[in-house]
Amino acid sequence: MSSPTPRMIARKDGAIGWMIFNNPDRLNAVSLDMWEAVPKIVADFEADPEIRVIVLTGAGGKAFVAGADISQFEAQRADPASVVTYENATTIAFETIARADRPTIAMIDGYCIGGGLGIALSCDLRFASEGSTFGIPAAKLGLAYAASGTRRLVDVVGPAYAKEIFFTARRFTHDEALSMGLINRVFAREALESETRATCATIAENAPLTVMTAKRIVDETRKAPENFDVDYCDRLIARCFASADYAEGRTAFMEKRKPVFRGK
């Protein structure tokens with residue numbers, strides 16, 4: 001598929017939709033056109049039934065995403081109207097990733113800083129190479145991190161680690177990130193893509209409706225108890241039991257063969 005901007009690459013490869021941040025001269029720092037491209041790329045992947053997993057990564061071999069492109073702030077955040085436009089674009093990008101029906105994986109190789117960590121936190125899973133570094137330098141820039149991004153960080157690492165990340169504004173090693181639960185897995189650089197592909201292949205073999213239902217219900221549990229939508233979860237569960245994939249799963253089990261799921 002074509003991307004709305006050359007600084008974003010969108011590629012379909014079997015069951016994987018690859019979204020690649022392609023601004024390597026600036027360590028894949030995200031410009032306004034890149035933020036605006038994210039929902040369009042995700043929408044195209046979501047419209048394709050062959051795509052079962054979306055992987056986000058960075059070009060150039062040095063960074064996943066090293067934050068927002070601060071060099072653009074003077075021109076694109078110089079007045080209240082432009083600030084609103086920019087902030088809306090970033091919010092929509094984060095929310096689009098987080099709310100995607102497909103499972104999303106951040107494949108991190110190198111710097112994952114600021115807005116880059118926000119992108120990774122919007123994904124369901126985070127795999128990283130050895131030597132990758134993580135941080136949120138907001139306290140060194142005098143800016144405030146968005147409440148929604150703060151919530152995602154707290155959901156992943158808990159309040160104590162979130163405060164340490166914000167208060168110190170330092171960079172954390174892959175070992176530290178793994179120990180606090182900021183990332184799911186660490187691999188040698190040369191194995192990162194193959195291991196990510198292997199996980200994608202495993203997910204792609206499973207029933208898409210079941211995977212999506214699990215994703216939605218897990219996300220629902222993160223809400224305050226009074227906002228937990230039991231009826232919504234029950235509808236998702238009922239849809240799985242009424243699906244052709246459930247019938248296929250039962251038949252395949254009885255016939256001792258691998259099921260072929262269609263997401264229906």
Side-chain angles (χ1 to χ4, degrees), residues 8 19 21 23 26-39 42 56-58 63-100 104-108 110-126 128 132-174 176-184 219 222-224 227:
M8 293 292 287
M19 184 191 302
F21 292 84
N23 191 12
R26 301 194 62 80
L27 298 176
N28 300 321
V30 186
S31 53
L32 180 59
D33 61 321
M34 295 167 74
W35 289 120
E36 291 175 336
V38 168
V42 171
L56 288 71
T57 193
F64 174 69
V65 172
D69 192 343
I70 296 175
S71 69
Q72 291 193 333
F73 281 14
E74 186 121 4
Q76 295 179 345
R77 301 177 77 172
D79 59 79
S82 61
V83 168
V84 170
T85 298
Y86 188 93
E87 293 301 321
N88 284 343
T90 61
T91 299
I92 291 169
F94 289 138
E95 290 298 319
T96 299
I97 296 166
R99 295 178 181 177
T104 52
I105 300 176
M107 190 177 81
I108 301 161
Y111 298 109
C112 183
I113 307 296
L117 185 51
I119 291 168
L121 288 166
S122 298
C123 294
D124 299 307
L125 304 175
R126 286 158 293 280
S132 294
T133 55
F134 307 81
I136 297 176
K140 292 183 177 179
L141 298 170
L143 56 84
Y145 208 70
S148 57
T150 301
R151 177 183 55 79
R152 289 193 187 98
L153 179 62
V154 173
D155 284 343
V156 171
V157 302
Y161 279 131
K163 288 176 182 177
E164 182 179 357
I165 290 169
F166 280 121
F167 293 174
T168 65
R170 72 176 178 87
R171 293 181 182 176
F172 293 78
T173 68
H174 70 263
E176 291 174 309
L178 184 64
S179 69
M180 67 176 70
L182 187 59
I183 53 179
N184 295 77
D219 287 346
R222 294 161 54 197
K223 296 181 179 179
N227 294 325

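Here the CE-CD1 distance, from M34 to I119, works out to 7.5 Å after rounding to the nearest 0.5 Å. To the nearest 0.5 Å, atoms CG (N88) and CD (E36) are separated by 10.5 Å. From L125, atom CG reaches atom CG of N184 across 5.0 Å, with rounding to the nearest 0.5 Å.
Between E164 and F172, the shortest heavy-atom contact is OE2-CE2, 3.8 Å. The minimum heavy-atom distance linking A98 with D219 is given by the pair O-OD2, 4.2 Å. The minimum heavy-atom distance linking M8 with A37 is given by the pair CG-CB, 4.0 Å. Taking both residues in full, the closest heavy atoms of G181 and V156 are given as O-CG1, 3.2 Å, listed atom of the first, atom of the second, then distance. Nearest heavy atom pair, residue I97 against residue C123, reads CG2-SG, 3.9 Å. Here the shortest heavy-atom pairing between C112 and G116 reads SG-O, 3.7 Å.
For S148, the side chain to side chain contact (heavy atoms under 4.5 Å, CB included) partners are E95, A146, R152, not counting sequence neighbours. Every residue two or more places apart in sequence or in another chain that forms a side chain to side chain contact (heavy atoms under 4.5 Å, CB included) with A224 is listed here: E226, N227. Residues passing the ring pair (Phe, Tyr, Trp, His ring centres under 6.0 Å) test with Y145, sequence neighbours excluded: F166. A128 is linked by a side chain to side chain contact (heavy atoms under 4.5 Å, CB included) to I108, S132, F134, I183, counting only residues two or more places apart in sequence or in another chain. By the side chain to side chain donor-acceptor pair (under 3.5 Å) test, D124 is found to be paired with T104, K215, residues two or more places apart in sequence or in another chain being considered. Every residue meeting the side chain to side chain contact (heavy atoms under 4.5 Å, CB included) condition with A63, not counting sequence neighbours, appears here in chain and number order: L27, N28, Y111. Under the salt bridge (charged side-chain N to carboxylate O under 4.0 Å, His left out) criterion, E176 pairs with R170, not counting sequence neighbours.
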(message) Under the criterion ring pair (Phe, Tyr, Trp, His ring centres under 6.0 Å), I'd like the reasoning laid out for W35 against F21: C-alpha separation, chi angles, the key distance, then a yes or no.
(response) CA-CA 10 Å; W35 289 120; F21 292 84; 7.5 Å; no
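Between L182 and L121, the closest side-chain pair of non-hydrogen atoms falls below 4.5 Å. Between L56 and F64, some side-chain heavy-atom pair lies under the 4.5 Å cut-off.
The salt bridge (charged side-chain N to carboxylate O under 4.0 Å, His left out) contacts involving residues 153-163 comprise R151-D155, D155-R222, where partners must be two or more places apart or lie in separate chains.
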